[in-house]
Enquirer: 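The following block contains the structure, expressed as structure tokens.
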Amino acid sequence: MRIHYWAIGLLSLLTISVPEAAQAARLLGDSRVFAELPYEPGFPEDIEILGDRVFISGPAQSNLFVQPSVLEYNLDSGAFVREYQIIGQNPNLAQAIAGIVFDKNNRLYVSDIQLGIVRFDVTQPNPVQEIYATALPDIPICSSVSAGTPCSPNAVELPPLINDIIFDAKGNLYISDSFQSTIWRVAPGGGNPEIWYQDSRFDGFGANTLRVDPTGKQLYVAATLDPLGQGFIYTLPLIDAPTATDMSTFFQYATNEAPAGLEFGASGNLYVVLGKGNQISVLSPNGTEINRFSGPAIRPNDPSNPLQWRNPSNITFNNKTRSLLVTNNPIPTIFDPQPEFAVYDVFVDDVAVGVPEPSSVLGTILFLILGWCFGTRQREW
């Protein structure tokens with residue numbers, strides 16, 4: 001019988017731990033610029049990874065002059081690859097896009113304030129944009145209409161503000177409406193959004209980023225700023241008709257810290273972007289804050305001129321480097337009319353949910369393969 005010594009050698013390596021030298025080069029919280037973004041479309045909002053590509057949506061700020069786009073970058077080099085312009089808006093009205101998410105068929109979904117939810121397949125050379133769900137309706141406040149009329153629990157009437165989007169395991173798409181204190185739901189296959197949950201605790205700049213927890217049973221909601229400037233992370237069960245008693249407070253932030261982007265790690269920790277605090281907060285599975293990271297981000301080619309963290313918006317895992325990629329979305333001021341739009345990374349020594357930890361050579365191989373194939377966020381549908 002022929003002996004395959006290479007196989008014996010491979011098996012003998014399975015119990016050998018991966019050297020820690022690669023990770024020792026970076027300290028927790030170490031931040032580096034991944035890519036500096038053009039001034040147009042600017043105002044980068046959400047960020048996603050598919051394979052070796054990074055996708056960034058913008059502008060998040062409503063405007064009349066810039067057509068919204070999704071920008072594609074190379075994950076390894078940070079080089080610009082391609083731009084996907086979102087078409088079909090009325091140029092005489094404000095334009096903006098926000099949340100993006102992939103389904104398991106690699107179709108990218110984009111929330112647009114005019115169009116609703118659009119989608120297209122980024123793996124195609126000439127992707128065709130289609131409407132997946134209609135725009136959010138403008139509903140009156142409940143105090144101004146009779147019982148039974150669809151309405152918002154706000155104290156003051158505001159227009160809809162479409163924001164983040166996420167799928168559950170059944171293919172339902174959840175949409176946060178940051179101005180109308182509402183989370184909408186779209187049935188599998190698309191169509192008209194329907195009210196799934198409303199709460200006066202979302203009043204202000206309310207429901208923002210949405211994430212399904214690792215069990216697939218809870219929806220975590222970042223409520224950025226209430227009328228008193230307080231921000232919360234809430235949880236809701238993923239059932240057909242949750243009520244106010246079903247919503248629980250997972251964590252409350254100090255005034256004007258403004259929790260925004262969310263992402264679960266394989267560690268079980270929840271990473272929270274603090275937009276006004278210019279930090280990333282780390283919450284343990286029991287709702288205790290265990291760490292915070294802050295900038296600046298070092299420019300590899302100009303280390304003496306670091307990028308300041310200003311109004312970070314959203315995050316996603318780069319499984320290859322065990323870090324988070326963060327969109328830097330500063331607001332222009334009279335002193336800084338052209339702010340530094342960018343994406344930077346932050347080393348957190350964690351990976352996305354569903355990616356195996358590289359505790360052995362076999363684990364490392366699986367980590368590299370699965371981390372590359374599946375990107376970051378769980379594609380529940």
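FYI, the numbering just counts along the sequence from 1.
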Enquirer: Does any donor atom in the side chain of N192 or T134 lie under 3.5 Å from an acceptor atom in the other side chain?
Expert: yes
Enquirer: Give a yes or no on whether the backbone of E48 and the side-chain of T316 come within a donor-acceptor separation of less than 3.5 Å.
Expert: no
Enquirer: Ion pair present between R53 and E72, side-chain N to carboxylate O less than 4.0 angstrom?
Expert: yes
Enquirer: Using the side chain to side chain contact (heavy atoms under 4.5 Å, CB included) rule, pick out the option among N314, N311, V273 that qualifies with N329.
Expert: N311
Enquirer: Determine the interplanar angle of the W196 and Y174 rings, folded into 0 to 90°, and report it as parallel if under 30°, tilted if 30 to 60°, perpendicular if over 60°.
Expert: perpendicular
Enquirer: Let me see the working for E340 and R310 under salt bridge (Lys or Arg N to Asp or Glu O under 4.0 Å), right down to the final yes or no.
Expert: CA-CA 9 Å; E340 296 173 309; R310 291 178 52 205; 5.7 Å; no
Enquirer: For the pair S176 (side chain) and D164 (backbone), establish whether a donor and an acceptor sit closer than 3.5 Å, ignoring hydrogens and angles.
Expert: yes
Enquirer: So, D350 versus S267: side-chain donor-acceptor pair below 3.5 Å or not?
Expert: yes
Enquirer: Answer yes when D168 and K170 have at least one side-chain N-carboxylate O distance shorter than 4.0 Å, and no when they do not.
Expert: no
Enquirer: So, the side chain of T123 versus the backbone of D121: is there a donor-acceptor pair under 3.5 Å, distance only?
Expert: no
Enquirer: Taking all atoms of both residues into account, what is the closest heavy-atom pair of V343 and T327, and its distance?
Expert: CG2-CG2, 4.2 Å
Enquirer: For a salt bridge (Lys or Arg N to Asp or Glu O under 4.0 Å) check, start with the C-alpha distance between D30 and R32, then their side-chain angles and the critical distance, and finish with the verdict.
Expert: CA-CA 7 Å; D30 176 58; R32 304 174 185 177; 2.9 Å; yes
Enquirer: Would you say the side-chain atoms of Q114 pair up with the backbone N or O of N90, donor to acceptor, closer than 3.5 Å?
Expert: yes
Enquirer: Can you tell me if R185 uses its side chain to pair, donor with acceptor, with the backbone of E194 under 3.5 Å?
Expert: no
Enquirer: Centres of the F80 and Y73 rings: under 6.0 Å?
Expert: yes
Enquirer: Can you pull the disulfide bond (SG atoms under 2.5 Å apart) pairs that have at least one residue in residues 103-167, sequence neighbours excluded?
Expert: C142-C151
Enquirer: Once side-chain hydrogen bond (donor to acceptor under 3.5 Å, both in side chains) is applied, do any residues pair with D345, and if so which ones, sequence neighbours excluded?
Expert: R26, S323
Enquirer: Any sub-3.5 Å donor-acceptor pair from T215's side-chain atoms to K217's backbone N or O?
Expert: yes
Enquirer: Would you mind reporting whether V54 and I47 have side-chain heavy atoms less than 4.5 Å apart?
Expert: yes
Enquirer: Looking at D203 and P153, would you say the former's side chain and the latter's main chain have a donor-acceptor pair under 3.5 Å?
Expert: no
Enquirer: Taking the side chain as C-beta and beyond, is there a heavy-atom pair between L307 and N328 under 4.5 Å?
Expert: yes
Enquirer: Please determine whether a side-chain nitrogen of the Lys or Arg among K320 and D52 lies less than 4.0 Å from a carboxylate oxygen of the Asp or Glu.
Expert: no
Enquirer: Is there a side-chain contact between F232 and F251, using heavy atoms and a 4.5 Å cut-off?
Expert: no
Enquirer: Ignoring hydrogens and geometry beyond distance, is a side-chain donor-acceptor pair present between Q198 and S181 at under 3.5 Å?
Expert: no
Enquirer: Return yes if a side-chain donor-acceptor contact under 3.5 Å exists between N208 and T224, otherwise no.
Expert: yes
Enquirer: Do Y39 and F341 pass the ring-ring contact (aromatic ring centres under 6.0 Å, His included) test, and can you show the C-alpha distance, the side-chain angles, and the key distance before you say yes or no?
Expert: CA-CA 7 Å; Y39 190 67; F341 300 128; 5.6 Å; yes
Enquirer: Answer yes or no: is there a donor N or O on one side and an acceptor on the other, between the side chain of S178 and the main chain of N163, under 3.5 Å?
Expert: no
Enquirer: Output yes when a side-chain donor or acceptor of D103 lies under 3.5 Å from a complementary backbone atom of R107, and no otherwise.
Expert: yes
Enquirer: Hey, are S281 and E289 close enough side-chain-wise for a donor-acceptor pair under 3.5 Å?
Expert: yes
Enquirer: Tell me whether the centres of the aromatic rings in F167 and Y109 are closer together than 6.0 Å.
Expert: yes
Enquirer: Would you say S69 and Y84 are linked by a side-chain donor-acceptor pair, where the criterion is simply a distance under 3.5 Å?
Expert: no
Enquirer: Centroid-to-centroid, F264 to Y220, below 6.0 Å?
Expert: yes
Enquirer: Do V70 and E83 come close enough that some side-chain heavy atom pair is under 4.5 Å?
Expert: no
Enquirer: Are the side chain of S111 and the backbone of G99 linked by a donor-acceptor contact shorter than 3.5 Å?
Expert: yes
Enquirer: Cut-off 3.5 Å, no hydrogens considered: what does the side-chain donor-acceptor table look like for residues 236-245, sequence neighbours left out?
Expert:
{"unit_1": "T243", "atom_1": "OG1", "unit_2": "T245", "atom_2": "OG1", "d": "3.0"}
{"unit_1": "T243", "atom_1": "OG1", "unit_2": "D246", "atom_2": "OD2", "d": "3.3"}

